Amino acid sequence: MPTNERLVALMTEAGFLDGRGEIGRKKFARAVNESAAARAAGKRFNHTYVSRWLSGVSPRDYATRDAIREALAARLGRRISPDELGFRSALSVSPDLGLAYPYRPDDGVGSVAELLDADLAGVAAIGNAPANVAAWHDASMAWLVGSQEQLGSGSGPKKVGASDVERLRVMRSTFDRLDSTFGGAHARNALVQYLRGELPRLLRASGSTDVRVALFSAAGESTQLAAWMSYDAGHHGLAQRYFIQALGFADAADDRLLAASILDAMSHQASFLGRYREAANMARAARLGTDSIGVPILTSHFYVMEARALARTGDAESCDRAMGAAVESFDRHNPGEGPGWIGYFDAAELAAELGHCNRDLGRPDRAIEHATRALDSASGDYVRSDFFVAMVLADAHLDRGDVDEGCRVATGAFAVGEGLESARCQQYVDEFRQRLVRYRGSSEVRDFAAQSRSSRLWT
């Protein structure tokens, strides 16, 4: 019994499998041999090869896969993407996979499908890759100049409907809550599994223009979440690739606000990785790309991401201007205004961001003021964010010389963050540890270290 169900479906749709057994396989082998890819590679296939492919044996060379795609495309009259064949990912994939901005929506679908495959297969060249600085610039410029082709009507045999879009958005919301409560590493693989089974199939389906536009927007949100979770888990090159493809989906849907938000998230990652100039530029690009729309709550977040980057460079004057603009924009927004996915950015989140900036500028008193306000007004729905701002507060107390209070706040933060599976949490702990070095001879620090030995975050 064949086990590669995707290849079976494609060969049946193309008329190669019609219940006549070996005859169908021989016919397909001849079609593959006639493809340009097979001729260029000097390859010849027979019905035995076809039987192996149908039984789940995956050709490891791209020439064979390309020949199979060409044979099917010639019969079906449409492009066949590599992931549609149902083969397992090759042991090696291009190290540039997913870094290029998708100028055609179909290219983005294929890239994301291959990324998801490589992610699930644990391909080290992708999962352990560092971020590529040039790719941030290229993606920002491609989106700003509007270089992507228009979204088509889809060519797959399945028809997509509004219920498919709603299901994708509900699942994204579910995984988003898991991410913010337990950390990106907790349910990341489950999200990737879900998206691999659903996303390419839905995005290739035919449907009305309105439904497909909504679908690509929802796909952008879901792929952005995969990027966030990968970033939080410490897979930075993989996260960058998901962010770039999510930006392409948002662009295909002409969703300017979502696309700008994805650039904003890319800025956040760049700051985390110490690429502060690139981070500031991407935050500015997000703002520039939405100037004509002017949603104050989003503009506020774009300014505060720029401020976060500038604070790390020590440019206090520019950072103060960005923080002031963030507060002014936030004060102009009406509660509930803007897309649903920005709803988390409330007064507590703004105060937390301002706390980060003032800590990094060496202003512990202001950092304590903002971080305390953030914690006092936090909803409790975003455990990871609460941990981050508590660690900022602990840092600021140490910077002011309040060792006992800094250790007390950090102890409380550890209790909050113990259940989080997040590489970012570890960086906050590492920064606090570095600040403790100057006080290592104090009894407060010795007591804190002894008390923290049972903490997974500390050890």
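In this text, all values refer to a predicted model and were calculated from it rather than measured experimentally. Only this structure's heavy atoms are used, side chains among them; waters, hydrogens and symmetry mates stay out.
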Rounded distance (nearest 0.5 Å) linking atom [atom1] of [X] with atom [atom2] of [Y]:
X	Y	atom1	atom2	answer
Ser271	Arg277	OG	CZ	11.0 Å
Phe330	Leu350	CZ	CG	5.5 Å
Thr223	Tyr242	OG1	OH	8.5 Å
Gln240	Leu99	CD	CG	5.5 Å
Leu420	Cys425	CG	SG	4.5 Å
Arg212	Ser217	CZ	OG	13.5 Å

Angle class for the [X]/[Y] ring planes (parallel below 30°, perpendicular above 60°, tilted otherwise)?
X	Y	result
Phe182	His186	tilted
His268	Trp228	perpendicular
Tyr49	Trp53	tilted

Is [Y] close to [X] at the side-chain level, that is, under 4.5 Å between some pair of heavy atoms?
X	Y	answer
Tyr101	Gln148	yes
Val392	Tyr428	yes
Leu310	Tyr276	no
Val123	Leu97	no
Asp251	Phe216	no
Leu85	Leu72	yes

If every non-hydrogen atom of [X] is compared with every non-hydrogen atom of [Y], which pair is closest and at what distance?
X	Y	value
Leu263	Met282	O-CB, 3.9 Å
Ala279	Ala270	CB-CB, 3.7 Å
Ala125	Ala129	O-CB, 3.3 Å
Ser329	Thr299	OG-CG2, 3.7 Å

Practice task
Could you check Arg196 against Asp117 for salt bridge (charged side-chain N to carboxylate O under 4.0 Å, His left out), going step by step and ending with a plain yes or no?
Solution key: CA-CA 7 Å; Arg196 183 60 190 89; Asp117 273 341; 2.8 Å; yes

Problem - salt bridge (charged side-chain N to carboxylate O under 4.0 Å, His left out) between Glu198 and Arg172, intermediate numbers included - result: CA-CA 12 Å; Glu198 289 289 308; Arg172 185 256 176 211; over 6 Å; no

Practice task
Would you confirm whether the ring centroid of His236 sits within less than 6.0 angstrom of the ring centroid of Phe243?
Solution key: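 No, they do not, as the ring centres are separated by 6.0 Å or more.
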
Handout entry: Check ion pair Glu337-Arg332 (N to O, under 4.0 angstrom)
Key =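 Looking at Glu337 and Arg332, the cut-off is not met.
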
Practice task
State plainly whether the residues Arg312 and Glu431 are in salt-bridge range, i.e. N to O under 4.0 Å.
Solution key: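 Answer for the salt bridge query: yes.
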
Exercise for the section: Check the surroundings of atom OH in Tyr382: do more than 12 heavy atoms from other residues, nucleotides or ligands lie under 6.0 Å from it? Expected result: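 Yes, OH of Tyr382 has more than 12 neighbouring heavy atoms, counting only those of other groups under 6.0 Å.
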
Exercise for the section: Give a yes or no on this: more than 12 heavy atoms of other residues, nucleotides or ligands lie within 6.0 Å of atom CZ of Arg433. Expected result: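 Yes.
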
Testing the 3.5 Å rule here: is there a donor-acceptor pair between the side chains of [X] and [Y]?
X	Y	value
Glu306	Ser267	no
Asn281	Arg284	yes
Asn128	His235	no
Tyr344	Asp381	no

Any donor-acceptor pair under 3.5 Å from [X] side chain to [Y] backbone:
X	Y	result
Gln245	Val109	no
Thr290	Ala286	yes
Arg287	Tyr303	no
Ser300	Pro296	no

Exercise for the section: Take Glu84 and Arg6 through the test salt bridge (charged side-chain N to carboxylate O under 4.0 Å, His left out) and record every step on the way to the result. Expected result: CA-CA 7 Å; Glu84 286 187 84; Arg6 293 186 203 171; over 6 Å; no

Handout entry: Arg188: which of Asp119, Asp232, Asp179 passes salt bridge (Lys or Arg N to Asp or Glu O under 4.0 Å)
Key =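 Filter result, single survivor: Asp119.
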
Less than 6.0 angstrom from the centroid, inside 45 degrees of the normal: does [X] satisfy that with respect to the ring of [Y]?
X	Y	result
Arg75	Phe16	yes
Arg25	Phe28	no
Arg424	Tyr231	yes

Exercise for the section: For the pair Asp164 and Arg201, evaluate salt bridge (charged side-chain N to carboxylate O under 4.0 Å, His left out) and give the outcome as yes or no after the intermediate values. Expected result: CA-CA 11 Å; Asp164 296 301; Arg201 176 178 61 84; 5.6 Å; no

